[in-house]
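Encoded as structure tokens, the structure appears first; notes follow it.
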Amino acid sequence: MEDLKKRKLEATVGNGEFSSVEHLRSLLEPLPKPQLVDLLARLGSQYPSIAEEIKSVASADPVNRKLFVRGLAWNTTSETLCATFSVHGEIEEGAVIYDKTTGKSRGYGFITYKHMESTKAALKAPSKIIEGRMAVCNLACEGLSGSSTTPDLAQRKLYIGGLSPDITSEMLLNFFGRYGDIEEGSVAYDKDTNESRGFGFVTYTTVEATKKAIDDPDKTFGGRNIIVKLADSHRNKMMQAQVPPAIPSMPYPVAAAGYPQPGKPHGGVAPVGYAYPPQALASYHASYPSPTSAHASYASLPQMPHPHQVIGKKDAPGLHLTTPAGMGCYPYYMAKQ
């Protein structure tokens, strides 16, 4: 049957019944993507040469063959990472990413397969336990926008606190695996000492499994009472504890233009935000002289002679010239003429 189809195809090509590439392109461009995919899939299944061409084109771009793997243990090496993912096919390149300054693992890495089919096979089981920790992979071109960042992630991710120091990630996954399938999870370890920090995270594939873990009244694990709650609520609580409360701003009262007059109420406005009512300013005290009387008292003081007046009378008999003094007995100094 296959040979018959092939002979018909060759006969059709030989008779020139096939249209040109430009004509076929004009026929294919209006078709929607699902219909084009279905057409190529049927042709590839019927003709091996077309199937090989499809595989070659699909695998040419490394974007379709490169995986991003996160959640690695700090001691996981590139060799261990490649050995774990080699079960799905031949690896072209794979490495754990290390910090340039400290030389320690940053907890993630990349895997690039030689064929696109291997990448598809690895994505069918994105969660993999590597050295006791569950790592998760997705296409590198998606970054962190893979399956674990779906809109319901906040309802699927748990914070587990109060863990015993001897609890490993594998023990944590086995314990919480009784509530449902786990997509990602591990104990939090210190980067420098590689010791447990006493808490961890577990992300389920369904919201129902998360609710079962929270509603279970038995919160004992490893001989300790543990804390089980949504990771998002724990994160918000930690942020509130770290950020000090904001100091409310108090408006500065601005008075109206003008100055208070003696015996009259203050013309300003009441400060905003204060409960007390505006009060009139007290009048001048009786013991203080009023501005008018004070001005009169200054006018009654004896006037000092001007230096030019003294100089003009220097020939007057009995007059002894002295350095003219001003208020406070400070001498006047005249400019040279």
Side-chain angles (χ1 to χ4, degrees), residues 31-45 50-74 76-100 104-158 169 173 180-186 201-207 209-210 231-232:
L31 300 180
K33 181 179 178 180
Q35 192 172 356
L36 289 174
V37 172
D38 183 64
L39 176 60
L40 289 173
R42 285 189 287 107
L43 290 175
S45 62
I50 296 179
E52 291 299 324
E53 184 68 18
I54 293 174
K55 292 179 181 180
S56 177
V57 172
S59 300
D61 191 349
V63 171
N64 301 322
R65 298 182 283 110
K66 189 173 184 178
L67 294 177
F68 170 67
V69 187
R70 65 185 183 277
L72 299 176
W74 306 121
T76 299
T77 62
S78 299
E79 291 75 13
T80 305
L81 178 66
C82 292
T84 304
F85 282 87
S86 61
V87 296
H88 301 293
E90 186 178 353
I91 295 177
E92 184 178 279
E93 184 180 6
V96 174
I97 304 303
Y98 295 90
D99 187 275
K100 294 182 179 180
K104 296 183 178 180
S105 170
R106 302 184 67 176
Y108 63 87
F110 296 93
I111 290 290
T112 304
Y113 286 102
K114 190 173 182 179
H115 302 289
M116 188 177 176
E117 294 88 346
S118 302
T119 308
K120 296 294 184 181
L123 290 175
K124 290 181 180 179
S127 301
K128 305 178 187 302
I129 296 180
I130 304 175
E131 293 188 343
R133 296 188 64 171
M134 181 169 285
V136 181
C137 66
N138 58 270
L139 282 176
C141 60
E142 298 176 353
L144 292 177
S145 61
S147 59
S148 63
T149 54
T150 52
D152 63 345
L153 175 62
Q155 286 75 42
R156 296 189 293 109
K157 187 173 184 179
L158 289 178
S169 296
L173 296 174
D181 295 333
I182 297 177
E183 178 182 293
E184 183 180 1
S186 67
F201 298 93
V202 170
T203 303
Y204 288 99
T205 56
T206 62
V207 178
T210 308
D232 192 58

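Small disclaimer: the values here were computed from a predicted structure and weren't measured. We use all heavy atoms of the structure for the numbers below, so side chains are in, but hydrogens, waters and symmetry mates are not.
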Sorted by chain and number, sequence neighbours left out, salt bridge (charged side-chain N to carboxylate O under 4.0 Å, His left out) with R65 holds for E92

Is there a side-chain contact (heavy atoms from CB on, under 4.5 Å) between F85 and I130 once you walk through the steps? CA-CA 10 Å; F85 282 87; I130 304 175; 4.2 Å; yes

Considering all heavy atoms, the nearest D99-R106 contact: N-CG, 3.6 Å

Hey, could you give me the OG/CD1 distance between S169 and I129, rounded to the nearest 0.5 Å? 9.5 Å

Looking only at heavy atoms, which two atoms of V69 and C137 are closest? And how far apart? CG2-CB, 4.0 Å

Return the set of residues passing side chain to side chain contact (heavy atoms under 4.5 Å, CB included) with K66 (not counting sequence neighbours), or none when no residue passes. F110, T112, A140

Of all the heavy-atom pairs spanning Y204 and G180, show the shortest one and how long it is. CE2-O, 3.7 Å

Intermediate values then yes/no, side-chain contact (heavy atoms from CB on, under 4.5 Å), M134 and S186: CA-CA 6 Å; M134 181 169 285; S186 67; 5.9 Å; no

Write down the atom of G44, the atom of A51, and the distance for their closest heavy-atom approach. O-CB, 3.3 Å

Among all residues two or more places apart in sequence or in another chain, which pass the salt bridge (charged side-chain N to carboxylate O under 4.0 Å, His left out) test with E93? none

Is any side-chain heavy atom of D181 closer than 4.5 Å to one of T206? no

If you measure from CG on L40 to OG on S45, what distance do you get to the nearest 0.5 Å? 10.5 Å

Is any side-chain heavy atom of I182 closer than 4.5 Å to a side-chain heavy atom of T205? no

Using salt bridge (charged side-chain N to carboxylate O under 4.0 Å, His left out) as the criterion, list what pairs up with K55, not counting sequence neighbours. none

Check whether any side-chain heavy atom of L67 sits under 4.5 Å from a side-chain heavy atom of L139, and report yes or no. yes

For residues 117-131, which residue pairs qualify under side chain to side chain donor-acceptor pair (under 3.5 Å), counting only residues two or more places apart or in two chains? T76-E131, H88-K128

Looking only at non-hydrogen atoms, find the nearest pair between R156 and V207 and report the distance. CG-CG2, 3.8 Å

Straight-line distance of L72 CG to S105 OG, nearest 0.5 Å: 6.0 Å

Could you walk me through whether T77 and Y98 satisfy the side-chain contact (heavy atoms from CB on, under 4.5 Å) test, starting with their C-alpha distance in whole Å, then the side-chain angles of each, then the deciding distance to 0.1 Å, before giving a yes or no? CA-CA 10 Å; T77 62; Y98 295 90; 4.3 Å; yes

Once you round to the nearest 0.5 Å, how far does SG of C82 lie from CD1 of I91? 4.5 Å

From CA spacing to verdict: side-chain contact (heavy atoms from CB on, under 4.5 Å), L158, T203: CA-CA 6 Å; L158 289 178; T203 303; over 6 Å; no

Can you see which heavy atom on F68 is nearest to which on Y108, and at what distance? CE1-CD1, 3.5 Å

For R42, the salt bridge (charged side-chain N to carboxylate O under 4.0 Å, His left out) test, sequence neighbours excluded, returns D38

For the pair S86 (side chain) and A83 (backbone), establish whether a donor and an acceptor sit closer than 3.5 Å, ignoring hydrogens and angles. yes

Before giving the answer on salt bridge (Lys or Arg N to Asp or Glu O under 4.0 Å), spell out for E184 and K157 the whole-Å C-alpha distance, their side-chain angles and the decisive distance to 0.1 Å. CA-CA 9 Å; E184 183 180 1; K157 187 173 184 179; over 6 Å; no

